[in-house]
There are 2 protein chains.
Amino acid sequence: MAATLRQVAERAGVSVRTVSNVVNDFPQVAPETRARVQQALDELGYQPNAVARTLRNGRSGLIALVLPELDVPYFAELTRAVIEQAAEAGYTVVVDQTDGDPVRERELVMRGNRAAMFDGLIFNPLALGGADLRNRPSSTPVVLLGERVVEGGLDHIMIDNVGAAELATRHLLGLGRQRIAAIGDQFDETRQTGQLRTQGYHAALQAAGREVVPELVRPTEFFHRADGAAAMADLLALPQPPDAVFCYNDLLALGALRTILSRGLRVPDDIALVGFDDIEDGRYSTPSLTTVSPDKTQIAKNAVRLLLNRLDGDQSAPTRLSADYTLEIRESTTG
Amino acid sequence: MAATLRQVAERAGVSVRTVSNVVNDFPQVAPETRARVQQALDELGYQPNAVARTLRNGRSGLIALVLPELDVPYFAELTRAVIEQAAEAGYTVVVDQTDGDPVRERELVMRGNRAAMFDGLIFNPLALGGADLRNRPSSTPVVLLGERVVEGGLDHIMIDNVGAAELATRHLLGLGRQRIAAIGDQFDETRQTGQLRTQGYHAALQAAGREVVPELVRPTEFFHRADGAAAMADLLALPQPPDAVFCYNDLLALGALRTILSRGLRVPDDIALVGFDDIEDGRYSTPSLTTVSPDKTQIAKNAVRLLLNRLDGDQSAPTRLSADYTLEIRESTTG
DNA sequence: CTGAAAGCGCTTACAG
DNA sequence: CTGAAAGCGCTTACAG
């Protein structure tokens with residue numbers, strides 16, 4: 001077990017060069033030599049040492065996917081797509097979770113290729129911004145995901161949050177809803193998503209000649225079910241509760257849904273609900289969730305493609321791509 | 001950027017040995033030397049090469065978590081727990097997903113430490129069995145998760161599926177339900193979970209003097225929401241539909257719930273529902289889901305502890321641990 | 001306290 | 001077609 005090339009070479013009575021040739025299936029090996037080497041290989045159960053190979057070749061075949069939270073379904077579903085795309089190109093994806101902790105983000109991303117053993121990184125930052133990223137000491141290629149970083153000088157895949165939020169809000173307006181609330185606003189500079197979606201929400205209301213009612217826009221710390229449930233409870237406690245809510249992700253919407261139904265109210269009859277992300281949960285809730293559906297496969301495909309280009313030495317200017325999205329209309333707005 | 005120890009040494013006018021001493025914070029370095037080296041380090045933006053270190057030290061500080069499906073919430077939640085436990089011990093977890101594909105499982109697990117760069121593996125197999133695992137060519141420590149492998153000669157953490165299923169079924173019996181169905185039976189040898197839970201279901205019925213009605217036990221290919229929804233539709237099409245269903249995981253239960261509610265039936269009034277796994281989704285569904293809750297933190301803690309022991313050279317006989325579980329009683333059985 | 005050197009296991013230009 | 005040797009970047013026993 002754990003034999004080295006050298007040990008195999010000694011056993012077969014050849015040089016390591018020849019063993020290496022056999023292991024790597026190079027053609028220029030005499031048949032009898034090959035057979036002899038192969039036998040030694042089998043007898044010793046030789047397995048090449050990936051670390052030594054990586055040191056020598058400068059490539060590990062590993063790319064890292066660094067995400068805030070793996071147990072948020074959107075990220076879990078995106079991860080699946082990235083793993084599939086990378087596998088097609090012969091790369092293995094390793095995933096790591098930062099919880100948006102700046103220390104962990106920095107640790108995983110800033111130290112770069114010499115500190116870690118990854119050929120490249122696909123990174124969805126929460127805490128780290130453009131300034132941090134621009135003076136990264138490392139030269140490992142990085143592709144950014146998400147809206148956190150506006151100007152990092154790196155390849156970047158995002159979605160048009162303003163436009164998508166506008167679309168969602170317009171859908172609710174089109175249903176004739178009068179008091180449309182929003183759940184998921186954020187002020188923190190490190191959480192751009194909420195702000196951008198609020199912009200879109202405002203834009204849609206204004207385009208329809210509606211006033212923005214400040215108390216209908218509820219901030220949340222996170223985008224989890226519990227936050228949505230709590231924010232919805234606040235909305236229901238208002239003198240004039242909303243008749244529709246745009247939640248900035250599906251988890252918030254599922255939390256809000258739970259609160260609404262537990263009060264005996266009906267969706268969409270009393271309150272219509274729109275989410276964002278199109279996670280599987282929302283397709284099986286009752287009612288199923290109308291939601292903005294970003295094309296996750298496209299995001300994964302582009303992230304991997306951009307990264308592999310960089311690994312192949314592409315020196316062109318950083319690309320910024322906007323992913324496609326659609327509005328999936330389901331029962332939570334149409335009954 | 002990407003300076004080597006040697007380049008730093010040249011710049012500082014010392015040997016690599018001394019630079020290494022400074023980088024690794026060894027005490028026996030003269031203050032002026034240290035300052036000079038530190039300056040060179042800073043000027044060149046030195047970052048140690050993790051691959052070279054690993055080759056030299058024989059340790060990467062990486063452990064791999066190999067799971068069937070990352071976008072199954074139970075695994076996503078378990079992953080979070082493993083990452084947290086490993087981080088406490090200074091290890092970084094990298095996660096990979098096999099989809100239960102024997103080829104991928106073999107690739108990731110069988111080739112072992114010389115093929116990959118991980119110090120150890122935590123592995124939840126679906127396809128690979130004890131026979132495969134016993135003659136692994138590699139000596140990388142592995143801790144197994146799940147019920148697939150009964151005898152692999154490796155450390156193993158599982159839960160008492162029969163007992164847990166019995167507990168769930170007994171709960172439904174205790175509610176006075178007369179026709180208790182089960183969703184998630186499996187015949188495939190590589191999918192033990194379903195079989196074991198069916199055993200527990202049978203045991204509980206028999207202990208209560210009830211007959212097992214074969215058509216009430218529905219097999220499913222996977223444990224996804226769609227499978228649960230379809231199986232439930234079949235159950236509702238029976239001449240005598242069930243008044244309770246034990247689903248072998250929460251995803252199946254959520255799928256079943258969707259089907260039940262979409263027919264205008266009520267849970268638990270018409271049909272009571274129990275799941276398994278205690279994923280967050282089930283706490284926010286309406287009704288919330290009664291479920292068997294395995295102690296995921298304990299599983300993660302034990303898995304990491306066992307693995308680290310092996311990394312520290314522990315040669316004792318393989319351990320088998322049963323994780324704790326409880327029945328979380330919620331609205332889907334109590335209204 | 002510091003240097004010169006070996007070696008982790010591999011790949012590959014250079015000879016022959 | 002095959003061998004002897006250098007080198008990827010690091011750590012560390014051995015000297016001094």
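Quantities reported herein were computed from a predicted structural model and do not represent experimental measurements. Convention: sequence-line order gives letters A, B, ...; per-chain numbering from 1. Both backbone and side-chain heavy atoms feed into the values below; hydrogens, waters and symmetry mates do not.
Between the side chains of Tyr46(A) and Arg11(A), no donor N or O sits under 3.5 Å from an acceptor N or O. Remark: the Asn49(B) side chain and the Arg53(B) side chain contain no N/O donor-acceptor pair separated by less than 3.5 Å.
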Applying the Watson-Crick and G-U criteria (both distances under 3.5 angstrom) with [ ] for crossing and | for other-strand pairs, one obtains for DNA chain D |||.||||||||.|||
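The stretch residues 18-26 of chain B comes close to DNA chain D through Ser20(B), Asn24(B), each having a heavy atom under 4.0 Å from the strand. Using a 4.0 Å cutoff on non-hydrogen atoms, the parts of residues 53-62 of chain B near DNA chain C are Leu55(B), Arg56(B), ordered by number.
Mapping Ser15(B) and Ala52(B) onto DNA chain C by nearest heavy atom places Ser15(B) closer to the 5' end of the strand. Of the two residues near DNA chain D, Arg34(A) and Val16(A), the one whose nearest nucleotide lies more 5' is Arg34(A).
In terms of modelled atom types and a separation under 3.5 Å, the side chain of Asp101(A) and the main chain of Val103(A) share a donor-acceptor contact. Between the side chain of Gln85(A) and the backbone N or O of Val304(A), no donor-acceptor pair lies under 3.5 Å. Formation of a donor-acceptor pair under 3.5 Å by the Ser60(B) side chain with backbone atoms of Met117(B) is found in this model.
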Residue pair Phe75(B), Asn124(B): steps toward the side-chain contact (heavy atoms from CB on, under 4.5 Å) verdict: CA-CA 10 Å; Phe75(B) 289 123; Asn124(B) 190 313; 3.5 Å; yes
Audit row: Asn302(A), Gln298(A), side-chain hydrogen bond (donor to acceptor under 3.5 Å, both in side chains) steps and yes/no: CA-CA 6 Å; Asn302(A) 281 328; Gln298(A) 186 197 40; 4.9 Å; no
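A straight line from CG of Leu5(A) to P of dA4(D) spans 14 Å, rounded to a whole angstrom. Look at CG on Leu41(B): it is 10 Å from P on dC10(D), rounded to the nearest Å. At whole-Å resolution of the value, CD in Glu10(B) and P in dC10(D) are 13 Å apart. Atom pair Tyr46(B):OH and dT11(D):C1' shows a separation of 10 Å (rounding to whole Å applied). Per the geometry, CZ belonging to Arg17(B) stands 10 Å off P belonging to dT2(C), to the nearest Å.
One P atom belongs to dC14(C), the other to dC10(C), and the distance between them is 23 Å to the nearest Å.
With dC10(D), dC1(D), dC14(D) as the candidates, the nucleotide lying closest to the side chain of Thr33(A) is dC1(D). Closest approach to the Arg6(B) side chain among dC10(C), dC8(D), dT11(D) is made by dC8(D) (side chain taken as heavy atoms from C-beta onward). In the set dT2(C), dC1(D), dT11(D), the nucleotide with an atom closest to the side chain of Ala30(A) is dC1(D).
Taking 4.0 Å as the cut-off between side-chain N and carboxylate O, Asp132(A) and Arg106(A) count as a salt-bridged pair. Looking at Asp155(B) and Arg320(B), no side-chain N of the basic residue comes within less than 4.0 Å of a carboxylate O on the acidic one, giving no salt bridge. Ion pairing between a basic and an acidic side chain is recognised when a charged N comes within 4.0 Å of a carboxylate O; Asp25(B) and Arg34(B) show such pairing. Using a cutoff of 4.0 Å between basic side-chain nitrogens and carboxylate oxygens, Glu84(A) and Arg80(A) are scored as salt-bridged.
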